[in-house]
Amino acid sequence: MRTAKDFFAPLAVGAPAPVREIPARPSRAIHFFDPGNPKMAAKVPDMVGTVDVLLGNLEDAVKAENKEIAREGLVKIGQEVDFGPTQFWTRINSLDSPWVLDDLTTLVPAIGDKLDVIMVPKVQGAEDIHYVDRLLAQLEAKAGITKPILIHAILETARGVANIEEICAASPRMQGLSLGPADLAADRRMKTTRVGGGHPGYLVRQDPERGADGVPLYDGERTTYQQDLWHYTIARMVDACAMHGIYPYYGPFGDIKDTVACEDQFRNAFLLGCVGAWSLHPVQIKIANKVFSPSVEDVKHARRVIAAMGDGTGAVMLDGKMEDDASVKQCKVMVALAEELAAIDPDLKAKYDAIVVD
């Protein structure tokens with residue numbers, strides 16, 4: 001175990017000093033693209049500025065025979081594209097794969113000065129983060145990288161969820177966590193083949209009505225309510241991230257055409273504390289940008305509460321509801337997010353600037 005003093009010391013001579021606080025950069029949508037697919041790669045420059053994060057994927061969805069092509073394509077994109085306000089991430093191959101070492105030793109020297117975050121799949125425990133952390137420091141030092149590349153872990157195994165606090169605390173590089181529902185479902189032996197979202201079989205049923213004799217009518221019509229398979233995991237992920245000053249994300253929603261259910265799932269994650277979600281298709285970027293941006297109504301209410309509370313102590317009645325110091329803390333979260341988004345999104349800035357607090 002490293003001491004507190006050593007935690008923020010570089011892990012290699014000449015490596016950049018570790019960050020002491022993860023920047024609060026908006027990342028409503030992490031849009032995945034295959035850098036080895038010429039059509040997808042050609043669209044990347046035009047997507048800059050339209051999405052908070054562009055992620056070149058090297059892992060799942062890239063065939064084994066295309067791994068090197070995808071890696072080479074990512075290097076080319078990183079060297080040629082000016083990402084401006086958009087963050088540039090990559091998802092490397094899993095740590096037990098034959099490709100991951102080449103991923104890191106190729107990408108860091110070639111485009112390490114462009115990469116903001118490296119996403120590590122199937123993280124089992126702190127030891128996985130320690131391995132990547134040390135290797136990144138060595139590669140950064142050798143390449144003369146002056147800004148440390150951050151690490152993002154995907155929760156895709158039961159062991160990873162069980163070790164979630166240790167993973168979050170494993171390195172100053174830790175930027176956040178994402179839920180990986182498909183692999184996690186398989187590892188848990190969950191009986192679903194869906195990629196994220198709910199399941200019609202995971203439900204509760206309304207109690208039966210009773211007849212005139214007081215006997216329950218078990219065969220009568222009864223309303224059912226679908227539950228969220230991922231509520232526990234997301235809530236645990238949010239708590240662990242909040243505790244360690246990093247950021248939680250919802251992962252993929254596999255049914256691209258079901259935009260209504262996708263928006264519902266993203267909103268559940270937003271309300272629970274997630275800051276963004278994965279996008280597998282441009283239509284999901286629009287959904288994520290909408291859901292993970294506070295509404296004008298919410299921002300207006302938050303500003304009203306903050307203004308009415310003055311120094312933030314005591315309590316006031318506003319629209320028939322009691323607001324106190326806890327309310328102010330909640331509202332400051334909303335306002336702070338709105339200000340961060342307004343700094344990068346001109347349309348949102350115009351909407352938020354037009355708010356009049358009465």
The reported gap from CG in Leu155 to CG in Asn163 (rounded to nearest 0.5 angstrom) is 10.0 Å
* Give a yes or no answer on whether the side chain of Thr86 reaches the backbone of Val51 with a donor-acceptor pair at less than 3.5 Å. => yes
*Examine distances only and state if a side-chain atom of Ser97 and a backbone atom of Asn93 form a donor-acceptor pair shorter than 3.5 Å.*
no
Residues passing the salt bridge (Lys or Arg N to Asp or Glu O under 4.0 Å) test with Arg159, sequence neighbours excluded, are Glu127
Exercise for the section: Report whether Ile246 and Ile154 are members of the same hydrophobic cluster (ILVMFWY, side-chain heavy atoms less than 4.5 Å apart, transitive linking). Expected result: yes
To the nearest 0.5 Å, atom CG of Leu101 lies from atom CD1 of Ile92 at 10.0 Å
Review point. Can you tell if the side chain of Gln330 reaches within under 4.5 Å of the side chain of Met334, non-hydrogen atoms only?
Key: no
#### Entry: Side-chain donor or acceptor of Gln227 paired with backbone N/O of Tyr225 under 3.5 Å
yes
Residues 314-325 vs side chain to side chain donor-acceptor pair (under 3.5 Å), sequence neighbours excluded, gives Arg304-Asp319, Glu323-Ser327, Asp324-Ser327
Salt bridge check: are Glu165 and Arg236 linked by an N-O gap of less than 4.0 Å? yes
Under a plain distance cut-off of 3.5 Å, with no hydrogens placed, do Arg188 and Thr233 share a side-chain donor-acceptor pair? yes
Checklist entry - Side chains of Ser27 and Tyr247: is there a donor and an acceptor less than 3.5 Å apart? => result no
Taking the side chain as every heavy atom from C-beta outward, state whether His31 and His281 have any atom pair closer than 4.5 Å. no
Taking every heavy atom of Met174 against every heavy atom of Ala153, the minimum-distance pair comes out as CE-CB, 4.0 Å
Open item on the list: Tell me if the aromatic rings of Phe32 and Trp278 count as close, with their centers under 6.0 Å from one another.
Closed with: yes
### Message
With clusters defined by side-chain heavy atoms of hydrophobic residues (ILVMFWY) lying less than 4.5 Å apart, directly or transitively, does Val195 cluster with Ile285?
### Response
no
Practice problem: Go through Glu140 and Arg173 one step at a time and tell me if the salt bridge (Lys or Arg N to Asp or Glu O under 4.0 Å) criterion holds. | Solution: CA-CA 13 Å; Glu140 288 166 344; Arg173 293 182 191 269; 2.8 Å; yes
Q.
Tell me whether the count of non-hydrogen atoms from other residues, nucleotides or ligands lying under 6.0 Å of NZ in Lys286 goes above 12.
A. no
Here the pair of heavy atoms bringing Thr146 nearest to Pro16 is O-CB, 3.3 Å
dist Ile234:CD1 -> Leu177:CG (nearest 0.5 Å) comes out at 12.5 Å
Plane angle bin for Phe253 and Phe266 - parallel if under 30°, tilted between 30 and 60°, otherwise perpendicular
perpendicular
The side chain to side chain donor-acceptor pair (under 3.5 Å) partner of Asp116 among Arg25, Gln175, Gln87 is Arg25
Between Gln284 and Cys262 the two heavy atoms that sit nearest each other are NE2-SG, 4.0 Å
Show me, pair by pair, the donor-acceptor contacts under 3.5 angstrom made by side chains of residues 69-83, not counting sequence neighbours?
unit_1: Arg71; atom_1: NE; unit_2: Asp103; atom_2: OD1; d: 2.8
unit_1: Arg71; atom_1: NH2; unit_2: Trp99; atom_2: O; d: 3.4
unit_1: Arg71; atom_1: NH2; unit_2: Asp103; atom_2: OD1; d: 3.1
unit_1: Lys76; atom_1: NZ; unit_2: Glu80; atom_2: OE1; d: 3.2
unit_1: Lys76; atom_1: NZ; unit_2: Glu80; atom_2: OE2; d: 3.3
unit_1: Asp82; atom_1: OD1; unit_2: Gly84; atom_2: N; d: 3.1

Report task. Mind running side chain to side chain contact (heavy atoms under 4.5 Å, CB included) on Tyr249 and Met237 for me, showing each step along the way? Result -> CA-CA 9 Å; Tyr249 297 77; Met237 179 177 68; 5.7 Å; no
The salt bridge (Lys or Arg N to Asp or Glu O under 4.0 Å) partners of Arg28 (sequence neighbours excluded) come to Asp52, Asp345
**Prompt:** Would you call Lys147-Asp113 a salt bridge at under 4.0 Å N-O?
**Reply:** no
More than 12 non-hydrogen atoms from neighbouring residues, nucleotides or ligands closer than 6.0 Å to NE2 on His130, yes or no? yes
Give a yes or no on this: more than 12 heavy atoms of other residues, nucleotides or ligands lie within 6.0 Å of atom CD of Glu166. yes
Residues pairing under ring-ring contact (aromatic ring centres under 6.0 Å, His included) where one sits in residues 287-319, two or more places apart or in two chains, turn out to be Phe270-Phe292
Solution key, residues 198-219 side-chain donor-acceptor pairs under 3.5 Å, sequence neighbours excluded:
unit_1: His199; atom_1: ND1; unit_2: Gly201; atom_2: N; d: 3.0
unit_1: Arg210; atom_1: NH1; unit_2: Gly214; atom_2: O; d: 2.8
unit_1: Asp213; atom_1: OD1; unit_2: Val215; atom_2: N; d: 3.1

